[in-house]
Amino acid sequence: MNSTLLENGLDFILLATKFLKESEENIDEEEKSRNIKYSLINLLSGVELVMKARLYAENWAYIFADIDKARKSLLSCGEFNTVDCSRCIDRLENLCEVKISDADKKAFDNLRKKRNCVEHYIPMDSCADLSSTINQALTATVHFLDSTFSVFSSPDIIDLSDDEFRTLSEKEKNLYSDITVAISSLNEHYNIAKSIATKRACEQGSCLEEDLVLCPNCNERTLVINDEDNSCHCYLCNYKSNGEDAAKDYLYSVYNINEYETVKYGGDYPLYNCPECGENSFIQVDNNYMCFSCRQNYCKNEIGFCEECGRPYIILEGKDIKMCPDCYDYIMEKIEKA
Ligand SMILES: [Zn+2]
Ligand SMILES: [Zn+2]
Ligand SMILES: [Zn+2]
């Protein structure tokens with residue numbers, strides 16, 4: 001029950017952003033107004049479902065219209081009335097300590113009024129008016145999704161006595177990030193998508209904002225290196241790549257350095273083996289050197305380049321022997337044998 005609620009809710013919201021995007025691109029007025037209508041209906045259904053999922057996460061009984069008539073046995077067959085939208089918001093605030101700003105409440109309310117027009121065949125406003133209603137409600141929805149994400153995913157509210165409780169499924173996590181990507185492509189929502197992506201990158205990638213790196217695909221500082229699955233992952237555009245390829249993409253997009261061209265004209269391609277993990281994904285990032293595989297980060301003056309083999313090494317406590325450990329060992333061995 002819980003999983004269907006949240007998953008379906010997120011799915012509808014994703015669909016709503018796609019229809020809104022289509023309406024932005026469509027020049028045919030009739031098509032445009034259809035896209036807007038579908039966007040509106042899906043957005044409202046979606047956000048209502050996510051709100052119910054949030055109530056459910058607090059207490060399954062809260063989604064019953066009449067809490068006195070709540071029975072766990074009814075949940076599985078679905079034969080009961082669920083709480084309506086305005087009371088849903090009241091319960092979120094009063095019972096779950098969710099804060100929804102007055103502006104956001106008004107945006108949801110306007111969305112509901114417009115949906116009623118659609119459903120009762122009342123002539124609708126012009127498309128521009130409708131899309132501004134949807135845009136405001138979408139902003140409110142993003143605020144709400146942002147506040148729910150940590151509640152759904154954070155293990156600190158897990159009640160071990162409740163065997164139904166679980167954290168976000170892979171599918172739901174993907175839906176959250178697909179929604180961020182989708183809204184970032186909408187005219188009015190790029191900035192909010194960017195700030196949500198930054199926040200989520202820090203949370204999920206367990207890093208600080210200053211550890212985030214410029215994404216070679218979308219050029220925003222929303223790339224997590226060595227994310228959960230050891231890949232580099234951008235939380236804004238969903239770019240994913242292994243450390244070596246991401247480092248190459250970075251060199252190309254930030255410094256305009258192309259491996260093929262560089263090597264062809266006899267230059268040195270500035271991609272190195274990491275002195276920490278050995279992967280071929282160590283490059284200069286701003287004034288530092290950074291490994292795109294293990295996330296190890298060094299100031300420029302902490303790294304030297306071996307005079308024997310050219311590979312980078314860590315300068316130990318300011319004592320620079322101008323050599324990497326391998327070359328140093330090799331030379332010492334030769335001296336000992338001699
Ligand atoms: Zn990106
Ligand atoms: Zn490394
Ligand atoms: Zn060396």
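For the single chain, residues carry numbers from 1 onward in sequence order. Numbering of ligands and ligand atoms starts at 1, following listing order.
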NZ/NE/NH1/NH2 to OD/OE distance under 4.0 Å, K105 and D109: no
Check: M290 main-chain N/O paired with N288 side-chain donor or acceptor under 3.5 Å: no
Any donor-acceptor N or O pair under 3.5 Å, side chains Y176, Q204: no
Result of checking T180, T198, V224 against Y235 for side chain to side chain contact (heavy atoms under 4.5 Å, CB included): V224
With the Zn ion (ligand 3) as the apex, the SG/SG angle for C324 and C309 - to 10°: 110°
Centroid-centroid under 6.0 Å between Y272 and F305 rings: yes
SG (C237) to the Zn ion (ligand 1) to SG (C234) angle, given to the nearest 10 degrees: 110°
Backbone N/O of P270 and side chain of D268: donor-acceptor pair under 3.5 Å: no
salt_bridge(E48, K52) N-O dist < 4.0 Å: no
Metal site angle (apex the Zn ion (ligand 1)), SG from C218 and SG from C215, 10 degrees: 110°
Test side-chain hydrogen bond (donor to acceptor under 3.5 Å, both in side chains) applied to Y250 and S241, step by step: CA-CA 11 Å; Y250 186 95; S241 176; over 6 Å; no
Rounded to 10 degrees, the angle SG of C327 makes with SG of C306 at the Zn ion (ligand 3): 110°
Residue and atom, protein N/O/S, under 2.8 Å of the Zn ion (ligand 2): C274 SG, C277 SG, C291 SG, C294 SG
